[in-house]
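Within every chain, numbering begins at 1; the chains are lettered A, B, ... in the order of the sequence lines, protein sequences first and strands thereafter.
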Amino acid sequence: MRLNPQQTLAVKQTSSPLLVLAGAGSGKTAVITQKIVHLVTNCGYQANQIAAVTFTNKAAKEMKARVTKLLGDGASKGLIVSTFHNLGLNIIRREHQALGIRQNFTIFDDQDSLALMRELSKLGVDADKSELIAILNRISAWKNDLLLPEQAIAQAKDNDELISAKLYEAYQRSLKAYNAVDFDDLILIPTLLLRNHDDIRIKWHNKIRYLLVDEYQDTNTSQYELVKLLTGKLGSFTVVGDDDQSIYSWRGAQPKNLELLQHDFPNLKVVKLEQNYRSCGRILKSANVLIANNPHLFDKSLWSDKEYGEPIRILSVKEDNHEAERVVSEILARKIRSNFKFSDFAILYRGNHQSRLVERALVNKQVPYKVSGNTSFFARAEIKDVLAYLRLLVNPDDDNAFIRISNTPRREIGATTLEKLGTYANHRHISLFEAIFEVGLEEHLSGKGLRAVRKFGEIMTRASDNIKRGDPVAVLNELMAYIGYHGYLFETSSSPKAAEFRWANVTELLSWIERGIEDNANEDDPFAKTVNKICLREMLDRNNDDEEENNEVQLMTLHASKGLEFPHVYLLGMEEELLPHKSSIEEDNVEEERRLAYVGVTRAKETLAIMVAKQRARYGEMVNSVPSRFLEEMPQDDLDWEEDRLQVSDDEKRESGKSKMENLRKMLSS
DNA sequence: TTACTATCATTTTTT
DNA sequence: ATGATAGTAA
């Protein structure tokens with residue numbers, strides 16, 4: 001791969017800290033990978049002295065593969081390419097003694113946090129789900145700003161905040177007791193550790209001599225602080241980012257961190273990558289003109305030497321269901337006309353719910369498609385169950401896992417028994433699992449209940465011992481058979497088919513464990529490592545990869561599309577209050593919505609079509625919709641407006657007829 | 001324990 | 001309108 005002059009500059013600049021402003025499609029991944037190669041082959045770095053951090057497992061995996069291919073297995077040995085969270089996890093694992101955390105801690109995901117918060121709130125305030133989530137979000141924001149509970153309590157501005165801060169304190173206490181950490185802790189804990197312990201900081205500083213950061217605009221305060229602590233005052237780092245693609249500020253990302261770099265490192269060098277290798281000229285120009293409406297930290301203008309390309313079509317349709325049908329018939333027509341593959345097409349939208357109508361239309365026309373951004377795998381009851389077994393095997397103090405599975409499948413540990421066990425454990429300040437075997441428990445729990453919990457304890461203890469001794473996968477299969485989980489799924493599923501599907505999910509999860517153990521065979525505790533990785537969703541992408549070959553139309557949110565590219569893109573619902581979204585208008589944050597639109601437009605390589613509906617169902621009601629301001633902000637000469645030709649098939653006539661009938665009926669009834 | 005009813009939310013969710 | 005999820009009644 002040949003690098004252009006700017007890219008070469010970015011690779012060669014190693015003597016001072018470097019910020020690479022990498023526009024969409026400008027080959028930033030090539031720069032990062034080539035730079036790692038350069039550091040190893042020309043600058044005397046060992047691979048194990050270099051770390052590259054990303055935000056997604058997928059990006060980390062891709063980058064690692066590319067570097068390994070260029071350097072070879074031997075020369076790239078020990079190179080760290082991981083997500084921020086994974087890096088944090090490794091630091092915590094190595095320094096757990098200094099942190100007072102026991103070796104086999106568990107990682108809580110959002111659902112675990114919610115379950116825990118629900119328990120905590122029962123004691124004082126009682127809050128509903130959305131309030132609990134709001135509290136958790138506030139706690140997350142505090143953690144991202146490196147604020148500890150005491151500080152949050154001290155600076156609470158109102159009673160509401162004070163309650164949240166108090167819950168934050170209780171939440172952290174519980175995590176400690178469960179020997180668990182949440183996602184934010186994976187950054188927060190290492191950052192505070194390095195900040196407060198000079199010796200440990202120096203140790204890590206010596207270990208990681210050069211740091212590269214991808215998607216730097218998405219870092220939050222604690223992540224930036226971690227970067228600073230790891231690279232020291234001299235700043236032996238390269239960060240790559242694009243303020244125009246900052247779309248996660250609502251999750252604490254601070255594009256301001258780009259600016260802060262210049263302040264914190266006066267000798268910072270800045271290199272801009274402005275040649276775009278992805279899109280046709282017209283698409284690029286439109287994107288540039290659109291994003292020019294935002295204020296900018298750094299000026300840059302993307303250019304492309306590809307051909308100018310077809311006009312951007314604006315397809316105006318009457319209703320949202322026409323929009324869906326139109327997109328699908330477009331794709332079918334163009335596929336046949338030009339011999340495209342289904343996988344050449346992407347349908348992008350603002351909100352997940354928008355996929356519904358499109359999916360219906362795709363199913364009607366029997367078009368294969370894939371909706372990505374599905375986090376549903378980990379939300380599945382059977383996955384949560386089995387994962388809870390795995391977690392409890394790794395960390396017996398994980399009360400959350402204990403509560404989930406102590407009676408799943410049913411083993412006569414009911415609510416009363418669990419409550420008594422809980423009261424006792426609480427009183428003794430020990431975990432539920434530990435409490436099972438205490439003699440003192442016998443005073444609180446009588447014959448049947450006691451026997452049931454002890455039996456459960458024995459099952460888990462035996463499995464745990466066997467795992468330490470030998471083949472974990474065999475032990476897990478035995479355990480699943482022993483507790484009769486397969487049969488349990490059949491008893492609890494609505495149909496045998498559903499049960500089989502759920503069991504297939506379980507075997508999928510177990511096969512991840514198997515692969516994970518193989519990958520970590522020479523580490524100290526391959527099983528525990530693998531369970532942690534799964535908690536960090538690290539192996540989810542591996543699964544997606546196999547399906548990438550499939551010839552399917554790609555459906556996803558604009559957020560999920562960042563970093564991807566497609567020959568032909570359909571951008572849905574380019575309307576006021578949808579893109580920009582209503583709440584963003586109200587919160588006066590249209591700029592981020594504009595960036596979102598920018599991301600969408602720059603995904604397209606060859607053609608782009610933007611859909612606008614005149615009417616759209618909102619909260620069950622048909623509401624008039626007007627074209628987005630972003631359309632006016634784009635260069636009109638490059639847009640080709642098309643009214644809906646109503647060239648509809650019989651099916652569609654019936655469909656639209658039906659909705660007309662429905663509207664009529666609604667009018668009459670109201 | 002199952003099945004019904006009430007309630008809820010339709011903005012995004014890299015970990 | 002709609003679909004999911006949580007809670008409650010039989």
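Contact annotation for A:Asp110: base contact, defined as any heavy-atom pair under 4.0 Å involving a base atom.
Residue side chain A:Thr83 does not reach the base of B:dT15 through any donor-acceptor N/O pair under 3.5 Å, judged by distance alone. A donor-acceptor contact under 3.5 Å links the side chain of A:Arg350 to the base of B:dT12.
Of the candidates B:dT13, B:dT11, B:dT14, B:dT11 carries the atom nearest the A:Glu593 side chain, counting heavy atoms from C-beta on. The side chain of A:Arg356 lies closest to C:dG3, out of C:dG3, B:dT13, B:dT15.
One atom, CG of A:Leu564, and another, P of B:dT14, lie 13 Å apart when rounded to the nearest Å. Atom-to-atom, CG of A:Leu558 to C1' of B:dT14 comes out at 15 Å; the value is rounded to the nearest Å. One can place OH of A:Tyr248 at 6 Å from P of B:dT14, the figure rounded to the nearest angstrom.
Each of A:Thr106, A:Asp398, A:Asn532 was compared with A:Arg391 under the side chain to side chain donor-acceptor pair (under 3.5 Å) criterion, and only A:Asp398 meets it.
In this structure, A:Asn352 reaches the B:dT12 phosphate: one of its side-chain N or O atoms is under 4.0 Å from OP1 or OP2. When the side-chain nitrogen and oxygen atoms of A:Asn589 are compared with OP1 and OP2 of B:dT11, none of them lie within a distance under 4.0 Å. The phosphate of B:dT13 has OP1 or OP2 within less than 4.0 Å of a side-chain N or O from A:Thr557.
A:Ser164 and A:Arg138 share a donor-acceptor pair across their side chains, judged by distance under 3.5 Å alone.
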